[in-house]
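Accompanying notes for the structure given below.
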Amino acid sequence: MHLSPDEVVLWRHGAIVLNQTIATTWVVMAGLALGAWLVTRRLTDAPTITPWQNALEIVVLGIRRQIRDAGLSPAERYLPFIGTLFLFIATSAALTILPGYHAPTASLSTTTALALAVFVAVPLYGTRAGGLRGYLAHFLEPSPWLLPLHVLEELSRTLALAVRLFGNAMSGGLIVAILLAVAPFFFPVLMSLLKLLTGTVQAYIFAVLATVYIAAAARVAPGPAEEGSVS
């Protein structure tokens, strides 16, 4: 039993190592890119649309609503980043129903990379919303003496994002593996569905936390309801 897909080496050439984490990450990204192209190549605003376009619209409008509810407007500015985070994590978890597949989010290197992406995005969006001076000023509120604590908060929540997602993904895989070893004919379907559900929940939590962090940095007041959003 491997605790992390990093331990599964698929190919090695000198210092270059291709492990399962890298391979599955590229599989997920390629799958998302291909799926996006297939679904969006024939978009239409006709009264009758395909089931795939309908599912896409539900996901996009749902993410837009969450972004808007967090106080970020216009939601389209943040939708590509937040939506990509959610879809990548959710798809990584969904593919665990495939035999021999291990989610890349079960690797601390992957979850750290995702958390670092949020860490970089927060000041970028914050600066875009209120200017560099306005964003940096919040580190000195309500007193300049709190600057070290604000910096520590930024670093600690990045670490918390990475460890939380990694811990849930890894522990879920271990629980399923243990139960399958104990009762291989009873648990497979049930535990696969449970793992799929928990993976989707973790994707939602990660995306919501990223949205909240960006909203706190941007300090944007909630805008009016956007056309086409889900009420």
Side-chain angles (χ1 to χ4, degrees), residues 1-39 55-56 59 63 80-121 155 157-210:
M1 180 185 299
H2 298 283
L3 296 179
S4 169
D6 288 344
E7 301 175 5
V8 182
V9 177
L10 304 178
W11 179 80
R12 184 192 300 271
H13 181 72
I16 303 175
V17 177
L18 175 64
N19 57 34
Q20 194 173 55
T21 299
I22 298 174
T24 52
T25 297
W26 280 96
V27 167
V28 172
M29 291 192 299
L32 287 174
L34 177 61
W37 178 75
L38 291 175
V39 174
L56 176 64
V59 172
I63 296 174
F81 179 69
I82 301 298
T84 299
L85 285 177
F86 173 78
L87 290 176
F88 176 80
I89 299 173
T91 303
S92 297
L95 292 179
T96 54
I97 62 176
L98 300 177
Y101 172 88
H102 295 281
T105 48
S107 165
L108 187 58
S109 59
T110 301
T111 58
T112 300
L114 293 174
L116 287 175
V118 176
F119 178 77
V120 173
L155 297 175
R157 71 186 185 185
T158 301
L159 177 62
L161 273 178
V163 174
R164 179 189 292 111
L165 181 59
F166 165 70
N168 283 289
M170 185 186 70
S171 61
L174 287 176
I175 292 174
V176 171
I178 293 173
L179 291 177
L180 289 179
V182 174
F185 300 105
F186 179 74
F187 285 105
V189 175
L190 178 62
M191 293 309 301
S192 294
L193 292 176
L194 179 60
K195 189 174 181 182
L196 177 61
L197 175 62
T198 56
T200 303
V201 170
Q202 289 305 315
Y204 173 78
I205 293 175
F206 192 98
V208 167
L209 287 176

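The distance from atom CG of Leu18 to atom CH2 of Trp26, rounded to the nearest 0.5 Å, is 11.0 Å. Between atom CG of residue Leu34 and atom CG of residue Leu38 there is a gap of 4.5 Å, rounded to the nearest 0.5 Å. Expressed to the nearest 0.5 Å, how far CG of Leu161 lies from CG of Leu114 amounts to 9.5 Å. Between the CG atom of Leu87 and the CD1 atom of Ile82 there is a distance of 11.5 Å, given to the nearest 0.5 Å. Considering CD of Gln20 and OG of Ser107, their distance stands at 10.5 Å, rounded to 0.5 Å. Atom CG of Leu108 and atom OG1 of Thr111 lie 4.5 Å apart (nearest 0.5 Å).
For the pair Thr25/Ile22, no side-chain contact is recorded, criterion being any heavy-atom separation below 4.5 Å from C-beta on. In this structure the side chain of Val118 never reaches within 4.5 angstrom of the side chain of Leu209, judged on heavy atoms. Residues Thr24 and Thr110 fail the side-chain proximity criterion, which asks for heavy atoms closer than 4.5 Å. Within the 4.5 Å cutoff, the side chain of Ile63 has heavy atoms near those of the Val59 side chain.
For Ala103 against Ser92, the heavy-atom pair with the smallest separation is CB-O, 3.5 Å. Phe86 and Thr200 make their closest contact through CE1-O, 4.2 Å (heavy atoms, listed as atom of the first residue, atom of the second, distance). Scanning all heavy atoms of the two residues, the minimum distance from Tyr101 to Leu95 falls at CD2-O, 3.1 Å. Shown here for Phe81 and Ala117, the closest heavy-atom pair between the two residues is CZ-O, 3.6 Å. Nearest heavy-atom pair across Leu10 and Ala23 is CD1-CB, 3.6 Å. When all heavy atoms of Ala203 and Ala90 are compared, the closest pair comes out as CB-N, 3.5 Å.
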